[in-house]
Amino acid sequence: MKVSFNIRVSNKDAKEELEKRSFQVKNAVIYTVSGMEPDDVQDQEGISNLENMLKNKINGFLESGNVVHVYTTEKIVQ
């Protein structure tokens with residue numbers, strides 16, 4: 001499974017922090033997606049659940065603001 005995201009944050013400071021913590025964001029994505037089956041993201045509810053899980057994980061380490069929304073921009077399931 002390959003999934004790409006865009007992340008909207010609450011302010012400019014949070015954006016800068018998110019860029020600096022990109023390795024943590026990638027790690028959160030990998031850990032979250034690796035625990036899922038392709039069927040888990042086949043419908044809108046599954047994608048929404050994935051976006052919310054990532055939002056919560058990223059908000060757990062973001063200090064300068066928060067994630068407003070995670071947008072799924074690409075999804076390929078093999």
Side-chain angles (χ1 to χ4, degrees):
M1 173 173 17
K2 177 182 177 186
V3 186
S4 298
F5 304 96
N6 279 341
I7 301 169
R8 191 174 93 198
V9 293
S10 59
N11 59 53
K12 184 179 177 181
D13 290 338
K15 180 183 177 197
E16 291 172 4
E17 181 183 359
L18 192 65
E19 290 170 355
K20 291 177 184 175
R21 292 177 176 264
S22 65
F23 68 97
Q24 287 176 295
V25 173
K26 290 176 185 177
N27 180 264
V29 170
I30 290 168
Y31 270 77
T32 303
V33 172
S34 68
M36 302 181 85
E37 296 293 326
D39 288 344
D40 294 337
V41 292
Q42 286 297 338
D43 58 13
Q44 291 177 348
E45 182 181 351
I47 292 171
S48 179
N49 288 339
L50 174 58
E51 291 171 347
N52 285 326
M53 284 190 285
L54 291 173
K55 177 182 171 182
N56 292 335
K57 283 188 179 190
I58 295 167
N59 277 333
F61 58 76
L62 204 60
E63 298 173 356
S64 299
N66 59 5
V67 174
V68 175
H69 194 79
V70 174
Y71 297 95
T72 302
T73 58
E74 180 181 19
K75 178 185 81 157
I76 300 172
V77 178
Q78 295 181 339

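Values below: all heavy atoms of this structure, side chains included; hydrogens, waters and symmetry mates excluded. Start at 1 with the first residue, then count along the sequence.
The main-chain N or O of Gly65 is never found under 3.5 Å from a side-chain atom of Asp13 such that the two would form a donor-acceptor pair.
The two residues Met1 and Met36 make their nearest non-hydrogen contact at CE-O, 4.2 Å.
Residue Leu18 holds its CG atom at 11.0 Å from CG of Asn66, rounded to the nearest 0.5 Å. Taking NZ of Lys15 as the start and CD1 of Ile7 as the end, the distance is 12.5 Å to the nearest 0.5 Å. A distance of 7.0 Å separates CG of Leu62 from CZ of Arg21, quoted to the nearest 0.5 Å. Separating the CG atom in Asn52 from the OG1 atom in Thr32 is a distance of 11.5 Å, to the nearest 0.5 Å. From Ile58, atom CD1 reaches atom CE of Met53 across 12.0 Å, with rounding to the nearest 0.5 Å. Distance check, rounded to the nearest 0.5 Å: CD of Glu45 to CG of Asp40 gives 10.5 Å.
Counting non-hydrogen atoms of neighbouring residues, nucleotides and ligands closer than 6.0 angstrom, the CD atom of Glu19 exceeds 12 such neighbours. More than 12 heavy-atom neighbours from other residues, nucleotides or ligands sit within 6.0 angstrom of CZ on Phe61. No more than 12 heavy atoms of other residues, nucleotides or ligands lie within 6.0 Å of CD in Glu37, so this atom counts as exposed by the packing criterion.
Taking the side chain as every heavy atom from C-beta outward, Lys75 and Gln42 approach each other to under 4.5 Å. By the 4.5 Å heavy-atom criterion applied to side chains, Thr72 and Val3 are counted as neighbours.
Under the 4.5 Å side-chain contact rule for hydrophobic residues, Val68 and Ile47 do not share a cluster. Cluster annotation: Tyr71 is not connected to Leu50 through the hydrophobic network of ILVMFWY side chains, with a link wherever side-chain heavy atoms come within less than 4.5 Å.
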